[in-house]
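Below is one structure, written out as structure tokens; comments come after it.
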Amino acid sequence: MSLMFGKVRTAPERSPAECNLVLLGVMGSGKSALTVKFLTKRFISEYDPHLEDIYSSEEVVDQQLVVVKVMDTYDQDGPVNTERYLSWASAFLVVYSIDNVHSFKGCQPYLETITLHNKSLKSQSPIILLGNKLDMDRYRQVSTSDGKALASRFGCLFYEVSACLDFRSVQHVFHEAVRKVRWDGEPGCSVPAVYISDDKPLVSSAPAFTTPCYRELPAPATAKLVTVKSSRAQSKRRAATLTLLKGFKIF
């Protein structure tokens, strides 16, 4: 606020930063479950895997208000029609299920496509390789070391989480994607590969946001649907209630 010619002038409110996250992976890897967990803290057991939507949520990351937009994709034939998300995304989360080696093998074409796309950019889009369904560890088909090796090969961050059990770990991964976008935008800033599981503390040695802080949200973030042409459902979240994607059973 400033005083000029006897009148009080109020500085215009700064718009929050925006970050576009795209979830990629084969059908059944748990992309929709992760999306819903992040937006609602709830777990879905049944849903239509053929849906593709973009959701928007206001999040406070390192005391900064950020509008996080999440695209939950559907690719029946792998990374073929990539134009809709390659140029839109700020960061990519490539998801597989630790109890399904096929889903893990399906990550490589996505990683190769994104890496090739990144080579054409001045500022590369961060990539996170995400092993889901950690609650199914007793049926594990993909070892942690294999996940870390693939992430290291493509220069990705690496995490293992459970959309079924732990909201905090899922939220941390999405927030780390936002942080990584900010870090990659700062010259000379690099982030080493990281492994986090549900039974380990969420610790990061990377720098925090350096831009001015925005106001903190006084209440839980509000998630709303941003319609896309391929969408076959609508969703809204108000207070503690949510109707999200036809066919979902939310607990």
Side-chain angles (χ1 to χ4, degrees), residues 21-47 49 68 70-76 78-79 85 89-115 118 125-181 191-206:
L21 306 181
V22 174
L23 273 71
L24 301 169
V26 304
M27 187 183 301
S29 57
K31 301 186 299 294
S32 296
L34 287 165
T35 300
V36 175
K37 190 74 168 188
F38 171 62
L39 294 174
T40 72
K41 302 184 181 180
R42 298 177 181 179
F43 174 67
I44 54 172
S45 62
E46 297 180 15
Y47 58 92
V68 180
V70 183
M71 179 186 287
D72 178 15
T73 61
Y74 164 65
D75 282 325
Q76 185 174 8
Y85 55 74
S90 305
F92 298 91
L93 282 71
V94 182
V95 181
Y96 68 92
S97 174
I98 67 166
D99 66 340
N100 187 330
V101 69
H102 169 70
S103 69
F104 180 68
K105 292 179 179 179
C107 289
Q108 183 162 324
Y110 286 107
L111 295 172
E112 291 172 345
T113 299
I114 299 168
T115 300
N118 274 343
S125 301
I127 310 169
I128 291 178
L129 180 63
L130 183 57
N132 187 29
K133 303 186 183 181
L134 195 56
D135 54 291
M136 303 294 287
D137 187 69
R138 63 187 180 277
Y139 303 115
R140 181 188 286 270
Q141 295 182 5
V142 183
S143 68
T144 299
S145 59
D146 284 343
K148 293 170 71 174
L150 184 61
S152 178
R153 176 182 170 189
F154 287 93
C156 309
L157 291 170
F158 174 62
Y159 299 87
E160 286 185 343
V161 298
S162 169
C164 174
L165 298 179
D166 189 5
F167 165 72
R168 291 298 179 188
S169 291
V170 172
Q171 181 190 52
H172 181 78
V173 171
F174 281 81
H175 283 193
E176 279 296 289
V178 175
R179 294 186 182 103
K180 192 69 168 66
V181 170
V191 180
V194 176
Y195 165 63
I196 292 180
S197 67
D198 284 347
D199 57 351
K200 294 187 178 181
L202 303 178
V203 178
S204 175
S205 60

What is the minimum heavy-atom distance between [X] and [Y], and which atoms define it?
X	Y	answer
Ala89	Val22	CB-CG2, 3.5 Å
Gly30	Asn132	CA-ND2, 3.5 Å
Leu129	Gly147	CD2-O, 3.5 Å
Ala177	Ala91	O-CB, 4.3 Å
Phe43	Cys164	CD1-CA, 3.5 Å

Does a side-chain heavy-atom distance below 4.5 Å link [X] with [Y]?
X	Y	result
Phe174	Leu93	yes
Asp146	Phe104	yes
Arg140	Leu134	yes
Phe154	Glu112	yes
Phe158	Thr144	yes

Measuring from [X]:[atom1] to [Y]:[atom2], what's the distance to the nearest 0.5 Å?
X	Y	atom1	atom2	value
Met136	Ser162	CE	OG	9.5 Å
Leu24	Thr113	CG	OG1	9.0 Å
Glu160	Asp137	CD	CG	7.5 Å
Leu39	Leu34	CG	CG	11.0 Å
Tyr74	Lys31	OH	NZ	9.5 Å
Ser29	Asn100	OG	CG	8.5 Å

Under a 3.5 Å distance rule, please check whether [X] uses its side chain to pair with a backbone N or O of [Y] as donor and acceptor.
X	Y	value
Thr73	Leu23	yes
Gln141	Val101	yes
Ser97	Lys133	no
Ser152	Lys148	no
Lys41	Phe167	no

For the pair Phe38 and His175, name the ring-plane relationship: parallel under 30°, tilted 30 to 60°, perpendicular over 60°. perpendicular
Please name all residues satisfying ring-ring contact (aromatic ring centres under 6.0 Å, His included) with Phe92, sequence neighbours left out, ordered by chain then number. none
Just to verify, which of Val95, Leu157, Val94 counts as forming a side chain to side chain contact (heavy atoms under 4.5 Å, CB included) with Leu130? Val95
